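What follows is a set of notes on a single structure, which appears directly below.
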Amino acid sequence: MASVVYETGLCDASGVERGLTKEIRQSHGRGRTAHNLSSSSLRKKSANSLVSKVRCRVLRNLLTNLQEVLLGTKLFVLFLAVPLAFVAQNWRFERTWVFALSLLGLIPLAERLSFLTEQISFYTGPTVGGLLNATCGNATELIIALFALHMGKIEVVKLSLVGSILSNLLLVLGTSFFCGGLVNLSKEQRFDRKQADANTALLLLGALCHMLPLMLRYTVNSDEGSFTAPTLAFSRASSIVMLAAYVAYLFFQLKTHGHLFKPQEENDTDDTVSDAEAVIGFTSAIAWLVGMTILIAVLSQYAVCTIEAASESWGLSTSFISVILLPIIGNAAEHAGAIIFALKNKLDITLGVTLGSATQISLFVVPLSVIMAWIMGMQMDLDFKLLETGSLVGSILITLFSLRDGTSHYLKGFVLVLAYLVIGACFFVLRTPSDHANGVNLNAIPTISSIMVA
């Protein structure tokens, strides 16, 4: 691919010339995923008129990369939160400021990660690009999970991963169906059930792998607080099975049945970038990808280290912050893109984003976290406790019934959003032993009895 060159824009220092061929662009278009299209809805065109007047080639390439990577998104204002998070951490600001700024900084970084993986796929082809997207699509959750594991916060890992699945299935998909149904009242919103059936079957497999350790623990020992060796051993074996299922899912999606996951192409001519061609070179994209990943890792570490301080200061339980706040903010950009395409009556893209992300977390990030904990010598299993597992299974079932007829309307979306609100309220009033240990002001957290009395 060294001869692949641009049709517009400036050449990178790697020696790429002008003129990206029509065949290559069409091949890349066929390989684009719903995640790519969802992320592209938040991108904006960059004006290269001023940059092109710079005579120094090296400086011109640098300015072009800075403009495309940092200013090529509608979320570029949030990049200010990244240096502010570093300042807050190093100048000993209150821990809540570090936590809030770190979460805000993760929003544009996660969107840019998707942009960079797509840029790389121009040179590697759609298959490798799809594999990159499959590994980096939920990089934020994976990095946060790894840092939390390193710090021994296994419950934060479990809660945040469950929350990511719940937010994709109920909040994002529900908001998309609700808003899309209201905007398209005069149209029948339909989608391809084959893609949805494949994802929901895998999600049910993941739910089964969570239910069995829970039932096994109660079968071996009814004491909920005790840890049993059979549960741990079974969870590690199940994690290997889940990873094998995810590999089969990738082969199914990228090779044998790729047509089922082919998203509707975007033909709008507004400020949204069509992404029909690469705008930065391969070497630059790799360098930016590494840099963005490092920034995400640093901000994830800040967020994990300050989650207890934020819990204490805001009067919220760590369970609520882990299940609700972390997943919503960590994937805000991708979620916004899914809703935007639902408004345009492109539900296949919306389903590709929501169900695809939920499947990736359930069958890749969760079992990988168990395996990594095993390598670290930590005892993390697939037993996510009764409340978390029940919420997960219920969410998958209500989503499955909402998708069974291949159509959508605002009432389905409203029901999904209400289900998410009910689960969120449950975790809002939940008191855990970690909240007592961390000194959370539980008097500030309304309990069920106080709500009923009021």
Side-chain angles (χ1 to χ4, degrees), residues 89 95 98-99 102-103 106 109-110 113 134-165 206 209-210 212-214 216-217 220-221 224-247 290 292-311 318-319 321-323 326-327 330 360-385 388-389 392 432-435 437-438:
Q89 171 68 17
R95 301 289 85 190
V98 178
F99 180 78
S102 298
L103 291 186
L106 287 173
L109 290 176
L113 210 62
T135 2
C136 300
N138 292 96
T140 304
E141 290 92 338
L142 179 59
I143 294 174
I144 291 177
L146 292 179
F147 272 107
L149 279 178
H150 180 70
M151 300 178 65
K153 299 181 179 181
I154 296 179
E155 289 304 314
V156 173
V157 176
K158 292 182 177 181
L159 290 170
S160 63
L161 294 180
V162 169
S164 296
I165 300 175
C209 292
H210 288 293
L212 291 177
L214 177 66
L216 178 63
R217 175 164 59 81
V220 175
N221 193 329
E224 184 177 356
S226 65
F227 183 84
T228 57
T231 302
L232 180 61
F234 178 77
S235 296
R236 290 169 176 173
S238 296
S239 297
I240 297 175
V241 172
M242 294 166 74
L243 289 175
Y246 186 69
V247 172
V290 173
M292 292 288 183
T293 304
I294 293 175
L295 287 177
I296 290 177
V298 174
L299 293 184
S300 299
Q301 183 183 16
Y302 289 172
V304 172
C305 291
T306 56
I307 187 171
E308 288 89 356
S311 174
T318 54
S319 300
I321 293 179
S322 301
V323 173
L326 282 181
Q360 188 177 89
I361 295 169
S362 178
L363 294 182
F364 177 66
V365 181
V366 170
L368 183 61
S369 299
V370 175
I371 299 299
M372 291 303 297
W374 187 8
I375 296 174
M376 295 178 186
M378 305 179 66
Q379 297 180 333
M380 176 179 175
D381 57 11
L382 291 175
D383 180 6
F384 281 21
K385 296 184 179 179
E388 290 84 348
T389 305
L392 179 62
T432 62
S434 60
D435 295 326
N438 294 327

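Because the structure is a prediction, the values reported are computed rather than measured.
Residue pairs meeting the salt bridge (charged side-chain N to carboxylate O under 4.0 Å, His left out) criterion with at least one partner in residues 144-153, sequence neighbours excluded, are K153-E308.
Residues passing the side chain to side chain contact (heavy atoms under 4.5 Å, CB included) test with S300, sequence neighbours excluded: L106, I143, I144, F147, I296. In this structure Q301 satisfies the side chain to side chain donor-acceptor pair (under 3.5 Å) test with no other residue, sequence neighbours excluded. Take R95 and apply the side chain to side chain donor-acceptor pair (under 3.5 Å) test, not counting sequence neighbours, and it matches Q89. Scanning for side chain to side chain contact (heavy atoms under 4.5 Å, CB included) contacts around S160 gives L326, with sequence neighbours left out. Not counting sequence neighbours, the partners of I240 by the side chain to side chain contact (heavy atoms under 4.5 Å, CB included) test are I371. L392 is linked by a side chain to side chain contact (heavy atoms under 4.5 Å, CB included) to I165, H210, I396, counting only residues two or more places apart in sequence or in another chain.
Using a 4.5 Å heavy-atom cutoff, the side chains of V365 and S369 are in contact. With a 4.5 Å cut-off on side-chain heavy atoms, V304 and V156 do not count as touching. In this structure, the side chains of D381 and V370 stay at 4.5 Å or more apart for every pair of heavy atoms. Contact annotation: the side chain of M242 approaches that of L382 to within less than 4.5 Å [non-hydrogen atoms, C-beta and beyond].
Residues R236 and Q379 approach most closely at NH2-CA, 4.5 Å, considering heavy atoms.
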